[in-house]
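Heads up, the thing below is written out as structure tokens.
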2 protein chains.
Amino acid sequence: MPGPPWLRQRLTNAGFRLTWPRQVILDVLGQNPQHLSAEEIFFHVHQFYPGIGMATVYRTLDLLTRTGLVFKFDFGDGRSRYELASEAAKGPHHHMICTRCGRIIDFGHSIDEEGELIAALGKELSEKHGFKINSHRIHFYGLCQDCQSSSTEGKR
Amino acid sequence: MPGPPWLRQRLTNAGFRLTWPRQVILDVLGQNPQHLSAEEIFFHVHQFYPGIGMATVYRTLDLLTRTGLVFKFDFGDGRSRYELASEAAKGPHHHMICTRCGRIIDFGHSIDEEGELIAALGKELSEKHGFKINSHRIHFYGLCQDCQSSSTEGKR
DNA sequence: ATAATAATGATAATCATTCTCAATAACTGA
DNA sequence: TCAGTTATTGAGAATGATTATCATTATTAT
């Protein structure tokens with residue numbers, strides 16, 4: 001059961017071949033709204049397509065990221081994480097990272113001020129530095145509920 | 001010439017020993033407002049303290065980060081970068097990362113809307129998810145001036 | 001000063017990610 | 001449909017950043 005047709009089209013339109021690994025990886029990403037690491041993706045894909053190799057996972061993820069189908073995140077835990085762009089684009093979505101247990105929480109709610117702020121900062125960036133902004137991300141760091149109780153901070 | 005006294009105090013107060021490597025690393029960070037990588041820090045420190053070892057650089061950076069004296073950043077280029085917290089705290093400062101050449105530009109200017117936005121988002125996070133926010137970061141992704149001219153996008 | 005022990009430096013080890021290359025599978029045009 | 005071209009794959013080696021190990025050294029409290 002190959003993934004959504006529009007996804008496949010985006011690949012073929014861009015001149016890439018529609019291979020099994022690519023379709024399965026896209027499926028796995030589509031069925032897992034969390035931020036999966038390459039290794040987690042590998043394990044999921046492996047169930048449907050046991051022949052998969054780690055290198056292919058990385059190559060495909062890189063391809064999908066460059067094509068804009070997938071977003072690549074870095075939460076500072078030493079591995080990259082990936083999410084379907086169509087999922088991430090359901091609204092401006094930000095991340096809260098617990099600095100103690102590493103838990104990551106999405107929160108997609110947008111607030112009026114955000115549009116204005118981003119617009120203002122973007123304007124400044126382009127005027128002062130000549131940058132052309134394509135996207136932005138806000139990361140919040142702090143303690144999740146569980147980690148606030150257990151008081152011994154200080155490690156990742 | 002050991003670094004600023006207040007920095008040293010912060011270390012000893014926290015129960016850590018005041019060693020040469022630590023002081024020199026602090027100095028180097030203080031004299032370089034950019035975001036240095038561990039390797040860059042190593043080279044700088046090496047000029048003043050040739051005996052320095054890479055492991056010590058990493059250990060010290062980790063210590064300083066955990067102590068709150070240094071901020072650790074991850075711009076997605078595969079290596080962590082560090083900056084003195086006192087420097088970074090001179091104002092809310094954000095980063096613009098060129099997705100083509102990897103250049104990073106700080107821009108520390110704050111805008112009225114920002115305070116409100118962060119406050120609003122923070123409130124929501126704590127109410128809905130029980131998070132306690134300590135800090136936040138905004139990253140902008142796009143193309144720097146130089147990379148807008150040379151049109152061939154698509155690689156890092 | 002001296003003892004107690006935290007911190008260091010050299011090195012090996014680890015971990016995620018990328019590279020290499022021969023084998024394979026996807027598109028193309030006939 | 002089939003063969004040819006070539007992108008893509010999988011296995012494993014290679015890389016690069018970071019971390020762990022451990023005997024030696026330096027710092028601090030006594």
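- C/dA16 atom P lies 10 Å from atom CZ of A/Arg81, rounded to whole Å.
- Among the protein residues, B/Phe42 comes within range of no part of the nucleic acid, since none of its heavy atoms lies under 4.0 Å from any strand.
- Taking 4.0 angstrom as the limit, B/Tyr58 places a side-chain polar atom (N or O) nearer than this to OP1 or OP2 of D/dT18.
- Rounded to whole Å, atom P of D/dT8 lies 15 Å from atom CG of A/Leu61.
- Ranked by how close their nearest DNA chain D nucleotide is to the 5' end, A/Ala55 and B/Phe16 are led by A/Ala55.
- Between A/His95 and A/His35, the gap from one ring centroid to the other is short of 6.0 Å.
- Across B/Ser80 and B/Lys72, no two heavy atoms sit closer than the pair OG-CE, 3.3 Å.
- In this entry the distance linking CD1 of A/Ile41 with C1' of C/dA16 reads 13 Å, nearest Å.
- With rounding to whole Å, A/Glu40 atom CD is found 16 Å from C/dT17 atom C1'.
- When the side-chain nitrogen and oxygen atoms of B/Thr19 are compared with OP1 and OP2 of C/dT8, one or more of them lie within a distance under 4.0 Å.
- Across the protein-nucleic acid pair, B/Met54 atom CE and C/dG9 atom P stand 12 Å apart, rounded to whole Å.
- Protein atom CG of A/Asp77 is 10 Å distant from nucleotide atom P of C/dA16, rounded to whole Å.
- Counting heavy atoms from C-beta outward, A/Tyr141 and A/Ile97 have side chains that approach closer than 4.5 Å.
- Taking side-chain N and O atoms only, B/Ser80 has a distance below 4.0 Å to OP1 or OP2 of D/dT18.
- Side-chain contact between A/Leu26 and A/Leu11 is present, with heavy atoms from C-beta onward closer than 4.5 Å.
- Applying the 4.0 Å criterion to OP1 and OP2 of C/dA7, one finds that B/Arg22 has a side-chain N or O inside that range.
- Rounded to whole Å, the distance from CD1 on B/Ile52 to C1' on C/dT11 is 16 Å.
- Below 30°, between 30° and 60°, or above 60°: for B/Phe75 and B/Phe73 the angle between ring planes is below 30°, a parallel geometry.
- Here C/dT18 presents its C1' atom at 14 Å from CZ of B/Arg79, a figure rounded to the nearest Å.
- If you check every strand for non-hydrogen atoms under 4.0 Å, A/Arg17 touches a base.
- Between A/Thr56 and D/dG10 there is a side-chain polar atom (N or O) within less than 4.0 angstrom of OP1 or OP2.
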